[in-house]
Amino acid sequence: MLSVTTEPIDVMAVTQAVRSRRAGAVVLFLGTVREITGSLRTTALTYEAYEAMAVASLKEITREASDRWPLEAAAVVHRTGRLEPGDIAVAVAVSSAHRREAFEAGQWIMDTIKQHTPIWKKEMRGDGSAEWVHPDPGETAGAETSPDTAAGQGAES
Amino acid sequence: MNITVQFFAAARDAAGCSEITIDLPEKAVVSDLKRRLESRLPALQTLSSRLLVAVNQEYADDGAVLHPGDDVACFPPVSGG
């Protein structure tokens, strides 16, 4: 299951897509819209995708993750359109025989989506302004990111 | 040859349209396309150094050669998640 959708993400369906008898671990990551970033309040994020390339990118990223870690399965669904604080923007599910591989691969897949997959978000703020979110300099293609620096404006992932 | 370019996100806002068709000489490369786009749509210059180009759903560098019928898109750095 690798897709971009305007519908609310069915978290159970994404999780079930990677479950199997061979897996001893299933890791699910949800990126959700964060209301407060520093002193700014986000009222909504509008996500836009170049869908054909985004789906191709998700296929390539999960294929590469399967080369790096012994995964049973991986699934990614990214939502587009207008989302409000608390809404789920992206779900990544990974299964493997043991938990370490599932945790590592899940983080790598999410970091790599943020660097490569052609999806953008526009942030609507409490003061009425709206602006396309620019990625952090540390998150440009090819850069390593740590969990401490991986937060973009208004979204947890 | 005619190349149709789709714009996304801040590039579409700057361009003021979601796509444009540009006439380029045979064997033109991505940097030729970027120059032509910026002269047709000067507002794109505000994104200039950050503008990315994809050809047939893959990132293309400035030296990549364009061919008739290529699926070309132009957009700023991604910010999903």
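Below, chain A is the first sequence line, B the second, and so on; all start at residue 1.
Tyr50(A) contributes atom OH, which lies 12.5 Å from atom CG of Leu52(B) (distance to the nearest 0.5 angstrom). Within the model, atoms CD of Glu123(A) and OG of Ser79(B) stand 10.0 Å from one another, a figure rounded to the nearest 0.5 Å.
Proximity of a side-chain donor or acceptor of Lys121(A) to a complementary backbone N or O of Gly81(B) within less than 3.5 Å is detected. The backbone N or O of His116(A) sits less than 3.5 Å from a side-chain atom of Tyr59(B), completing a donor-acceptor pair. A donor-acceptor contact shorter than 3.5 Å links the side chain of Trp120(A) to the backbone of Pro76(B).
Each ring pair (Phe, Tyr, Trp, His ring centres under 6.0 Å) pair with one or both residues in residues 12-58 of chain B, not counting sequence neighbours, would appear here, but there are none.
Grouping the Ile, Leu, Val, Met, Phe, Trp and Tyr side chains by contacts below 4.5 angstrom, directly or via other members, places Trp69(A) with Ile61(A). Taken together through direct or relayed side-chain contacts under 4.5 Å among Ile, Leu, Val, Met, Phe, Trp and Tyr, Ile3(B) and Phe7(B) form part of one hydrophobic cluster. Under the 4.5 Å side-chain contact rule for hydrophobic residues, Met1(B) and Ile22(B) share a cluster. Connection of Tyr47(A) to Met124(A) is not established within any shared hydrophobic cluster, with ILVMFWY side chains joined at heavy-atom distances below 4.5 Å, either directly or through further cluster members. Hydrophobic clustering of Ile, Leu, Val, Met, Phe, Trp and Tyr side chains at less than 4.5 Å, counting indirect connections, unites Leu66(B) with Val5(B).
For residues 3-17 of chain A, heavy-atom neighbours of chain B at less than 4.5 Å comprise no residues at all. Using a 4.5 Å cut-off between non-hydrogen atoms, the part of residues 51-58 of chain A that approaches chain B consists of Ala52(A), Met53(A). Of all residues in residues 24-42 of chain B, none places a non-hydrogen atom less than 4.5 angstrom from a non-hydrogen atom of chain A.
The environment of Arg99(A) atom CZ is sparse: at most 12 non-hydrogen atoms of other residues, nucleotides or ligands sit within 6.0 angstrom. Sparse packing is recorded around CZ of Arg100(A), with 12 or fewer heavy atoms of other residues, nucleotides or ligands lying under 6.0 Å away.
Using a 4.5 Å cut-off between heavy atoms, Asn56(B) does not touch chain A at all. Contacts between Glu58(B) and chain A at a heavy-atom distance below 4.5 Å involve the backbone alone (N, CA, C, O). Interface remark: Trp132(A) contributes side-chain atoms only to the contact with chain B (heavy atom separation under 4.5 Å).
The nearest pair of heavy atoms linking Val78(B) to Ile113(A) is CG2-O, 4.4 Å. Closest of all the heavy-atom pairs between Pro118(A) and Phe75(B) is CB-CZ, 4.3 Å.
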